[in-house]
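In what follows, a structure is listed as structure tokens, so that the remarks can point back to it.
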Amino acid sequence: MNEIELSGIDYQVAEAETCLHPKNRKLLDLWSASRAPDGVGDRAKLAPASLLPLLGGISVAQPVEGGRDFRFRLVGTVNEERLGFAATGRLLTECYGPKMAKELIELHNRVLAEKRPVILRGRFLGVGLEHALFEALLTPVRTSGGDMQVFAGMYDMGEN
């Protein structure tokens with residue numbers, strides 16, 4: 001995918017105080033139950049069986065180069081279909097145009113630094129995505145090996 005195609009995806013977004021989408025509310029409950037005393041979720045405690053109904057909208061991103069970029073370790077099939085390309089294994093800078101990638105990298109770093117979730121609500125703009133209203137929940141988690149990741153859910157507000 002070339003830069004012209006990537007720059008065709010944009011968004012308008014604002015931070016929100018609470019999750020409205022039922023899948024993000026469920027994900028936030030699961031993350032909260034997995035939290036360590038420092039506020040970071042324990043990825044090992046996010047049981048795959050409890051995540052099954054949420055999988056299509058889940059993503060996991062891990063910082064690379066000290067947070068200069070993030071690599072998607074997993075992107076749910078529903079979100080990959082919506083984006084129109086396979087994002088799993090790719091860097092944010094490979095998936096989005098420069099402005100959007102920069103903003104998303106800053107947001108992911110903030111979630112990890114502040115050790116608290118961020119909820120976003122807004123619209124995707126682009127081919128096949130025109131004005132899709134979405135809600136995203138980004139949470140900090142730690143792997144069993146001690147690596148920090150952003151565990152997120154992103155769901156279309158028009159679907160449950």
Side-chain angles (χ1 to χ4, degrees), residues 1-16 19-31 34 41 43-44 46-65 67-112 117-143 147-160:
M1 184 167 289
N2 65 36
E3 187 63 38
I4 294 169
E5 292 169 319
L6 291 177
S7 65
I9 300 172
D10 201 356
Y11 65 110
Q12 297 170 334
V13 67
E15 287 193 37
C19 294
L20 296 179
H21 198 287
K23 289 183 178 179
N24 272 335
R25 286 196 308 263
K26 176 69 173 170
L27 183 58
L28 184 58
D29 289 345
L30 294 169
W31 175 83
S34 80
R43 179 133 176 245
L46 294 168
S50 62
L51 295 172
L52 280 176
L54 312 174
L55 285 181
I58 286 178
S59 67
V60 178
Q62 188 162 337
V64 295
E65 297 180 28
R68 290 176 53 133
D69 206 341
F70 280 74
R71 182 174 305 283
F72 282 120
R73 307 307 297 168
L74 169 75
V75 176
T77 55
V78 173
N79 285 336
E80 284 192 333
E81 288 170 8
R82 186 173 288 123
L83 293 170
F85 60 89
T88 299
R90 298 176 74 181
L91 298 170
L92 287 177
T93 54
E94 295 173 329
C95 295
Y96 304 107
K99 178 182 178 288
M100 188 172 177
K102 179 181 181 287
E103 290 171 357
L104 289 172
I105 290 166
E106 288 171 358
L107 179 64
H108 281 65
N109 277 313
R110 184 173 62 130
V111 167
L112 296 181
V118 171
I119 302 160
L120 302 175
R121 208 165 294 118
R123 297 186 181 280
F124 268 128
L125 309 169
V127 178
L129 304 168
E130 286 81 5
H131 302 287
L133 183 60
F134 72 93
E135 181 179 82
L137 167 68
L138 292 84
T139 65
V141 295
R142 186 177 291 113
T143 68
D147 293 326
M148 294 292 288
Q149 297 178 327
V150 175
F151 195 90
M154 185 174 68
Y155 301 98
D156 187 326
M157 292 300 288
E159 59 189 33
N160 290 321

With distance as the sole test, does [X] use its side chain to make a donor-acceptor pair with the main-chain N or O of [Y] at under 3.5 Å?
{"X": "Arg25", "Y": "Leu20", "result": "yes"}
{"X": "Thr139", "Y": "Pro117", "result": "no"}
{"X": "Ser34", "Y": "Gly41", "result": "no"}
{"X": "Arg142", "Y": "Asp147", "result": "no"}
{"X": "Glu80", "Y": "Ala86", "result": "no"}
{"X": "Asn109", "Y": "Gly67", "result": "yes"}
{"X": "Asn24", "Y": "Glu135", "result": "yes"}

Can you name the nearest heavy-atom pair linking [X] to [Y], along with the distance?
{"X": "Leu112", "Y": "Pro63", "value": "CD1-CG, 4.0 Å"}
{"X": "Ala87", "Y": "Phe72", "value": "O-CB, 3.5 Å"}
{"X": "Leu138", "Y": "Leu120", "value": "CD1-CD1, 4.3 Å"}
{"X": "Val118", "Y": "Leu107", "value": "CG1-CD1, 3.8 Å"}
{"X": "Val75", "Y": "Thr88", "value": "N-OG1, 2.9 Å"}
{"X": "Gly153", "Y": "Leu27", "value": "N-CD2, 3.5 Å"}

- Nearest-0.5 Å distance, CZ of residue Arg90 to OH of residue Tyr96: 10.0 Å
- Task: Kindly compute the distance separating NE2 (His108) from CG (Asp69), expressed to the nearest 0.5 Å.
- Result: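 It is 10.0 Å, given to the nearest 0.5 Å.
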- Query: After noting the C-alpha distance and the side-chain angles of Arg110 and Glu106, does the key distance pass the salt bridge (Lys or Arg N to Asp or Glu O under 4.0 Å) rule?
  - Reply: CA-CA 6 Å; Arg110 184 173 62 130; Glu106 288 171 358; over 6 Å; no
Validation row: [X], [Y] side chains within 4.5 angstrom (heavy atoms):
{"X": "Phe151", "Y": "Leu51", "answer": "yes"}
{"X": "Val78", "Y": "Asp156", "answer": "no"}
{"X": "Arg121", "Y": "Ile119", "answer": "yes"}

- Side chains of Gln149 and Arg43, donor plus acceptor under 3.5 Å: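 The answer is yes; a qualifying pair exists.
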- Query: Which word best sums up how the rings of Tyr155 and His21 line up, parallel for under 30°, tilted for 30 to 60°, or perpendicular for over 60°?
  - Reply: parallel
- Heavy atoms from other residues, nucleotides or ligands near CZ of Arg68 exceed 12 (cutoff 6.0 Å): no
